[in-house]
Peer 1: 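Handing you a structure now.
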Amino acid sequence: MNSSVADMTKKERRAIPRQDMNERDAKERAKCFDEVTLGYSLQEAQFEAARCIQCKDPACIKGCPVGIDIPGFLDCIVQGDLHGSINKLWERTALPAVCGRVCPQEMQCEAECVVGLKEGREPVAIGNLEMFIADWARENGVKNEVVIPPATGKKVAVVGSGPAGITVAGDLALKGHDVTVFEAFHRAGGVLLYGIPEFRLAKDIVDYEIEGLKELGVKIEYDSVVGRTVDVDELLEEMGYDAVFIGVGAGLPNFLGIPGEELNGVFSANEYLTRSNLMKAFDFPKFDTPIIPGTNVAILGAGNVAMDAARTALRLGAKSVKIVYRRTKEESPSRQIELHHAGEEGVEFEFLTSPLEFVGTDGKLSGIRCERMELGEPDESGRRRPIPVKDSSFVLDCDLAIIAIGTQANPLLTNVTKGLELNQWGNIKADEKSGKTTKEKVWAGGDITLGQATVILAMGTGRDAANSIDAYLNGESW
Amino acid sequence: MYRIIKREEMAEGTIVLNEIEAPQIAKKAKPGQFVILIANENGERIPLTMADVDKEKGTITIIYMIVGKSTELFASLKVGEGYAHIVGPLGSPTHIENFGTVVCVGGGTGTAVLHPIARGMKEAGNEVISIVGSRTKDYLILEDKMSKISNELHICTDDGTKGRHGFVTDELREILESKKVDLVVAIGPVPMMKFVSLLTKEYSVPTMVSLNPIMVDGTGMCGGCRVTVGGEIKFACVDGPEFDGHQVDFDNLMQRLTAYKHEEEHSKECMLNKKV
Ligand SMILES: Cc1cc2nc3c(=O)[nH]c(=O)nc-3n(C[C@H](O)[C@H](O)[C@H](O)COP(=O)(O)OP(=O)(O)OC[C@H]3O[C@@H](n4cnc5c(N)ncnc54)[C@H](O)[C@@H]3O)c2cc1C
Ligand code: FES
């Protein structure tokens, strides 16, 4: 393979600029659900990987919640050893194709990258390279060739098939335990499937990862709502499971609590995205689930979920999509790249604007009465508090409004499970290191313990819990 | 796949009964709870309250009216075939105890949902008076079954072809005038539940209704099923499906049920055109 990059001098390497990710043209992609990012060529990947200066004490690894050997996997790329590279990733993550696409690297590994700390230089594009290697492996049928030890005869139930559950299931299957995942929906993947849209993370990739899990011997029981179809105590006492991991996510949408929220045309982002992603309403009537394709769409909130909803609405044919947010771009909790992509595609922003009331006729939404805000003194979060501008109310015309102001813990399972202590927000209390809950033989992780977090943090808690469960199944006391 | 082991048509083929193998759901199901069914992998998630459960056989029974593409698809499934997915039991079970005298009012396929609840009420020691209504005689369902578990059964048809010529509310008013009623349970079309609730409010008789809004997940995750009850937003799939009829905003529910009217018509048309 190409060895010229490996032979470059340090000085030559330093001169390489960060390689831009290839992307589908903004105009073209705003009309379809195909993935926005197109990946690197091998040469681009090698150039980018060669920008890594192979620090002795790499700070990037500390920035990674699952501790991937980043300089190691990058050096393999430079050397042309792609097999070596994917194996380095697989040592620490079961979902590199997913993480490469959706992790906030700019706040994690790439934030620590020494190359990027130098003035005028950008950090190594670690996320893009992770995606490159994972896609190469998938496209070439390269599998994680691990030897699974003999069956231990221990049974583990994993509740929820999001990133936390997937990580626990994969890790424990690799240790020889008999793992069954119980998933409420008819398909597996959690938010990766029903939340994050196709154009950011192709569902084929999620399905591929789930298939990989099944190849390790993991069983998946779909249509199983734990707390309804089966209870945690039933799993432990009647069905012979030795341990239960709860990774049910934070799936209860917040509403604004303002008048008119019951009108047709007002959605939670969860519902809108689930209809489009999981139920494939974007392909209606081939798929039976309908969605309201708005003409003028308002999104309330400005986080990642809001961007996903906005960009989905554009692709479903909206003429205008506006993000309504009471603070400014600087305070937006969204990743910069998402804001940038949304803007490029034609999403507009109404910053310093707050909704007061949904208005409509005959039960149908026709607009949102809003007021303008200005920034005052900093609040508890350190961000300047938005305060209303007097007499500034106006009606923003829209026939579809999507509320994306966060989610909370869903109480469905926790309400009926005895012995599980919750914190003040309704999240399950779990030991930070081990994921152990207050109920014996029950572990938890992901958004249900962390609050609304990220894919990689969910995976990190899953990894910790899997280690603790394995130790327990090997005789360690509770 | 969840296999259908019995299929029956009622009301001149407009209403279909399916008994389906679903042992885990049957084991846990209680009266008033619902399931969500998906016919095939492209299908939509359709909530239906269970009409019966056989814990020994491990089966559940649903009874539905053919109204749109999805129920057409359901109706096309034969014995031996089945549903790609069924999830449940969902929602909170009916609160059943000995209230005294309970009037159970059913309309349309609501009677199917009402039956296990009325039976539960009877088993709990209540005097059960049932009123079952329909447009016309041929559209009446479960008359025998309702009669078996009721102390009295009153039939009402809009066209007078059987029983009282009139609405269930006419019958109910007479009963409320003539004796002390402790609870009314009304399940059926939204307008029926609305007018029953308005009537019982006049008599201050507690009234329970079972709502059927549009749903997606059925686990509290999307809020699509939200209904306004006592001025507050509730999620019917977890807080319900049963609510205090005197608190429910029925007009809002009716409007929300029409949210996808155009899409539903389009979807059904596409399906029928393909058939031709
Ligand atoms: C639209 C959207 C976009 C996002 N974008 C990003 C991003 O770009 N980058 C990033 O890092 N993070 C992102 N996040 C956050 C991230 O997806 C979550 O932090 C992560 O998925 C949490 O993983 P989890 O395993 O804890 O739960 P989830 O992914 O929520 O999975 C939980 C699973 O459990 C199932 N379940 C729930 N209740 C039960 C029950 N009672 N019984 C059985 N199963 C049950 C659910 O159906 C689901 O499949 C996004 C979130 C959303 C909603
Ligand atoms: S159906 Fe989604 S919350 Fe009730």
Peer 1: Please find the pair of heavy atoms, one from B:V87 and one from A:V225, that lie closest to each other, and give the distance.
Peer 2: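 The pair with the smallest heavy-atom distance is CG2-CG2, 3.5 Å.
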Peer 1: Let me confirm one number: the CE-CD distance from A:M279 to B:E44, rounded to the nearest 0.5 Å.
Peer 2: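 Result: 7.5 Å between the selected atoms.
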Peer 1: Please classify the contact of B:I36 with chain A as side chain, backbone, both or neither, using a heavy-atom distance under 4.5 Å.
Peer 2: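 For B:I36, there is no contact with chain A at all, as no heavy atom is under 4.5 Å.
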Peer 1: Would you give the length of the straight line joining atom CZ of B:R45 to atom CG of A:D223, rounded to the nearest 0.5 angstrom?
Peer 2: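 B:R45 CZ to A:D223 CG: 7.0 Å, rounded to 0.5 Å.
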Peer 1: Which residues from residues 284-295 of chain A are near chain B, with near meaning under 4.5 Å between non-hydrogen atoms?
Peer 2: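 Heavy-atom contacts from residues 284-295 of chain A to chain B are A:F284, A:P285, A:K286, A:F287, A:D288, A:T289, A:P290, A:I291, A:I292, A:P293.
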Peer 1: To the nearest 0.5 Å, how far apart are NE2 in A:H186 and CD in B:E41?
Peer 2: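 Interatomic distance, A:H186 NE2 to B:E41 CD, rounded to 0.5 Å: 7.0 Å.
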Peer 1: Can you tell me which portion of B:N252 sits under 4.5 Å from chain A's heavy atoms? Options are side chain, backbone, both or neither.
Peer 2: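 It is the side chain, since no backbone atom gets that close.
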Peer 1: At a heavy-atom separation under 4.5 Å, does A:L273 approach chain B through its side chain, its backbone, both, or neither?
Peer 2: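 For A:L273, no heavy atom lies under 4.5 Å from chain B.
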Peer 1: At a heavy-atom separation under 4.5 Å, does B:L90 approach chain A through its side chain, its backbone, both, or neither?
Peer 2: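 Both parts, heavy atoms under 4.5 Å.
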Peer 1: Flag the one option from A:P253, A:G227, A:G363, A:A250 with the top tally of heavy-atom pairs under 4.5 Å to chain B.
Peer 2: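 Ranked by heavy-atom pairs under 4.5 Å with chain B, first place is A:P253.
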Peer 1: Side chain, backbone, both or neither: which part of A:L252 has a heavy atom under 4.5 Å from chain B?
Peer 2: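 The answer is both parts of A:L252.
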Peer 1: For A:T229, is it the side chain, the backbone, both, or neither that has a heavy atom closer than 4.5 Å to a heavy atom of chain B?
Peer 2: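 It is both, since atoms from each part get that close.
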Peer 1: With a 4.5 angstrom heavy-atom cut-off, which part of A:F255 approaches chain B: side chain, backbone, both or neither?
Peer 2: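 Side chain of A:F255 only, per the 4.5 Å heavy-atom cut-off to chain B.
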Peer 1: How many angstroms lie between CE in B:M221 and CG in A:L412, if you round to the nearest 0.5 Å?
Peer 2: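 Rounded to the nearest 0.5 Å, the CE-CG separation comes to 12.5 Å.
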Peer 1: Is chain B contacted by the side chain of A:E234, its backbone, both, or neither, given a heavy-atom distance below 4.5 Å?
Peer 2: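 The side chain, not the backbone.
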Peer 1: What are the two closest non-hydrogen atoms of A:E261 and B:R226, and how far apart are they?
Peer 2: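 Minimum heavy-atom separation between A:E261 and B:R226: O-NH2, 2.7 Å.
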Peer 1: What part of B:T219 lies closer than 4.5 angstrom to a heavy atom of chain A: side chain, backbone, both or neither?
Peer 2: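 Contact with chain A is through both the backbone and side chain of B:T219.
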Peer 1: At a 4.5 Å cut-off on heavy atoms, which part of A:R275 comes close to chain B: side chain, backbone, both, or neither?
Peer 2: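 Just its side chain gets close to chain B.
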Peer 1: Flag the one option from B:I25, B:I86, B:L73, B:I233 with the top tally of heavy-atom pairs under 4.5 Å to chain A.
Peer 2: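 Top count of heavy-atom pairs under 4.5 Å with chain A: B:I86.
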Peer 1: Rounded to the nearest 0.5 Å, what separation is found between the CG atom of A:N264 and the CD1 atom of B:I214?
Peer 2: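 Between atom CG of A:N264 and atom CD1 of B:I214 there are 7.5 Å.
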Peer 1: Measure A:N415 against the heavy atoms of chain B and call it side chain, backbone, both or neither at under 4.5 Å.
Peer 2: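 Contact with chain B involves no heavy atom of A:N415 at all.
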Peer 1: If you compare all heavy atoms of A:E262 against all heavy atoms of B:R256, which two are closest, and at what distance to 0.1 Å?
Peer 2: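 That closest heavy-atom pairing would be O-NH1, 2.9 Å.
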